[in-house]
Protein chains: 2
Amino acid sequence: MLDTTFDALPTDGALRRHAMERSGEGQAGSRRTGTVGFRPLYRQVYDTLLKRLADAVWQPGQILPSEGQLAAELGVSQGTVRKALDALTADSLLVRRQGRGTFVADHDDKQSVFRFLKLRPDGDGTGMPTSRVTGIAEAAASADERGRLDLVRSARVVRIERVRAVDAKLCVVETISVAAGLFPGIAQIELPNTLYSLYATRYGITIATANERLKAVALGPREAELLQVPAGTPALEIDRVAIDLEERPVEWRLSTCLTQDIHYLSVLR
Amino acid sequence: MLDTTFDALPTDGALRRHAMERSGEGQAGSRRTGTVGFRPLYRQVYDTLLKRLADAVWQPGQILPSEGQLAAELGVSQGTVRKALDALTADSLLVRRQGRGTFVADHDDKQSVFRFLKLRPDGDGTGMPTSRVTGIAEAAASADERGRLDLVRSARVVRIERVRAVDAKLCVVETISVAAGLFPGIAQIELPNTLYSLYATRYGITIATANERLKAVALGPREAELLQVPAGTPALEIDRVAIDLEERPVEWRLSTCLTQDIHYLSVLR
DNA sequence: GAGTGGTCTAGACCACAGA
DNA sequence: CTGTGGTCTAGACCACTCA
């Protein structure tokens, strides 16, 4: 009932009124789902705005309407909009700047490069990464790829192999797999250093989170050759699955990293 | 001025009034520090409550006064107290339970064990860790220890060496260094599996964050012997500095982990 | 000076837990 | 039934940015 009201009236803008109406709707919802059917208003605002971001209604870097305008459009109070905007900001999807406005997070800028890159130089360097693609091909998805990316048996993937340097120091070789259906033509594009901004701008796929599993391994012969060190050298293996705004696993990335001059930084709170 | 007012009137409870008085004080503050001297009220409430937690005024697991009581005591509105409590909750220092109250986070319970332990079994297991101390001694701080723990040249440390198992599978050997002065008598105590709850209950030191630097290394002979694998086996080295509520580095921990059956889990947002 | 986000208040009602 | 945290509103003022 709550969601119906919400979805059924997108054109007139009002999510739903508070107070009396809300009370009635809340009880109806409770009857339907026990007592767990309650979804706060700001959560619905969050979802609305999230959908607009996922649908690229607003482009990265672009300014959003002010809190007051959004509140009026959605038929809720400014405080409720604020709570939703704060939540989206906490999820790194928006950036708020006092006195200026609220903007769609631009994951192309310098500070955002490191959101998903935890490799840092041991010493002082900036840690800026560079990349060189060493291979790219389309193929039938392997069992591993189907498992990581939640693909059907007949699915095809594009595999990208590249080497990366941090502060001009060669130290990473990685294989990236994405579903061919989600990223049409990606094998024919000149790939940028930061793939996730390409996903966002060209394919409308925004990476929201990533799960990384780290292990220590001995370098195999191919990786050793690419990194120009002896086979068997200990290396850090990072197995990453990147998740988009709609909670789909959209990229699997297996990176093998030399850690002589760099380390993986993890901050626990 | 802001802080003076705040610190000078702890007994009458009022932080400071809003509106007119605040405006005047704010301007005075601005004159002193340019325009950056502004500290929001809820931030001061946060600091007050944080200090009480650091001073162990409230014990772990204990219930705090209700929002209304705290608001009345501190002379601010309930909404301001709420904002401070929410921030403390986000920092994992409090736990809020609707209908029951706000509690001091108890980092002894099962879910909190994993806040600072990112090693997980590859398969299904619970991942519960166990420990066995293999050595403990007091000594003069090494250069590394002085650097990590910010100690003076003459400082002494207590070093704890132990091996750990995850799901009964031996996989970690680690050396823990703490300043002897901060943890008097710790070398004579029967050490629990979860050291951080000991730090909190016996020494009033609450670990708030930890910075971990990960590298892949080849096992040295001593570690290899303790872990019963060949020397040279690739292993994950975790170099952790734990920071307490007052932002002091209080523990340095160097762990060497076999990753045949476990991995290090890192969630990026 | 106008417009934006940030803070603070006061008061209402809702969901939840427990006596 | 009472008390707690959770949500929502309305309105005020503050700090910041920029034309």
Side-chain angles (χ1 to χ4, degrees), chain A residues 2 14-31 33-46 63-72 74-90 94-103, chain B residues 2 14-31 33-46 63-72 74-90 94-103:
Chain A
L2 299 180
L15 292 177
R16 60 190 165 111
R17 301 303 308 168
H18 189 52
M20 300 304 290
E21 294 182 34
R22 178 149 180 282
S23 175
E25 289 177 18
Q27 288 178 11
S30 295
R31 280 188 215 110
T33 56
T35 55
V36 295
F38 176 67
R39 274 253 300 316
L41 234 198
Y42 77 87
R43 237 298 169 187
Q44 300 187 39
V45 174
Y46 177 99
I63 190 170
L64 266 62
S66 73
E67 295 181 350
Q69 289 169 355
L70 286 171
L74 300 173
V76 301
S77 81
Q78 186 174 345
T80 300
V81 169
R82 172 184 299 279
K83 196 158 181 178
L85 291 175
D86 283 343
L88 287 163
T89 301
L94 298 178
V95 175
R96 315 195 73 184
R97 275 179 271 209
Q98 190 176 49
R100 296 186 56 191
T102 303
F103 302 81
Chain B
L2 298 179
L15 292 177
R16 60 189 165 112
R17 299 306 308 171
H18 188 52
M20 299 304 291
E21 292 182 36
R22 179 149 178 281
S23 174
E25 289 178 15
Q27 287 176 11
S30 296
R31 277 185 217 114
T33 56
T35 54
V36 294
F38 175 67
R39 274 257 294 323
L41 235 198
Y42 76 86
R43 236 301 169 187
Q44 301 186 40
V45 175
Y46 178 99
I63 190 170
L64 266 62
S66 73
E67 294 181 351
Q69 289 169 355
L70 286 171
L74 300 172
V76 302
S77 82
Q78 185 174 346
T80 300
V81 168
R82 172 183 300 279
K83 198 159 180 178
L85 291 175
D86 283 343
L88 287 162
T89 301
L94 297 178
V95 175
R96 316 195 73 185
R97 275 179 271 208
Q98 190 176 48
R100 296 186 55 191
T102 303
F103 302 81

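Reminder, nothing fancy here: chain letters follow the sequence lines and each chain counts from 1.
- Residues B:Tyr46 and B:Leu88 are in side-chain contact: their nearest non-hydrogen atoms beyond the backbone lie under 4.5 Å apart.
- B:Leu64 contributes atom CG, which lies 6.5 Å from atom OG1 of B:Thr102 (distance to the nearest 0.5 angstrom).
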What's touching nucleotides 4-6 of chain D from the protein side, N or O pairs under 3.5 Å?
residue	atom	partner	partner atom	Å
D:dT4	O2	B:Gly99	N	3.2
D:dG5	OP1	B:Thr102	OG1	3.2
D:dG5	OP2	B:Glu67	N	3.0
D:dG5	N2	B:Gln98	NE2	3.1
D:dG6	OP2	B:Arg96	NH1	3.1
D:dG6	O4'	B:Gln98	NE2	2.9
D:dG6	N7	B:Arg82	NH2	3.0

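- A:Arg96 meets the salt bridge (Lys or Arg N to Asp or Glu O under 4.0 Å) test with A:Glu67, A:Asp86; sequence neighbours excluded.
- Looking only at distances, no side-chain donor or acceptor of B:Gln44 sits under 3.5 Å from a matching main-chain atom of B:Leu41.
- Rounded to a whole Å, the CZ atom of B:Phe38 is 14 Å from the P atom of D:dT17.
- Atom CZ in A:Arg43 sits about 11 Å away from atom P in D:dT7, given to the nearest Å.
- Regarding A:Ile63, its CD1 atom lies at a distance of 8 Å from the P atom of C:dT4, rounded to whole Å.
- Proximity of a side-chain donor or acceptor of A:Thr80 to a complementary backbone N or O of A:Val76 within less than 3.5 Å is not detected.
- Side-chain contact between A:Val81 and A:Lys83 is absent, with no heavy-atom pair separated by less than 4.5 Å.
- If you measure from atom CD of A:Gln44 to atom C1' of D:dC8, you get 13 Å, rounded to the nearest angstrom.
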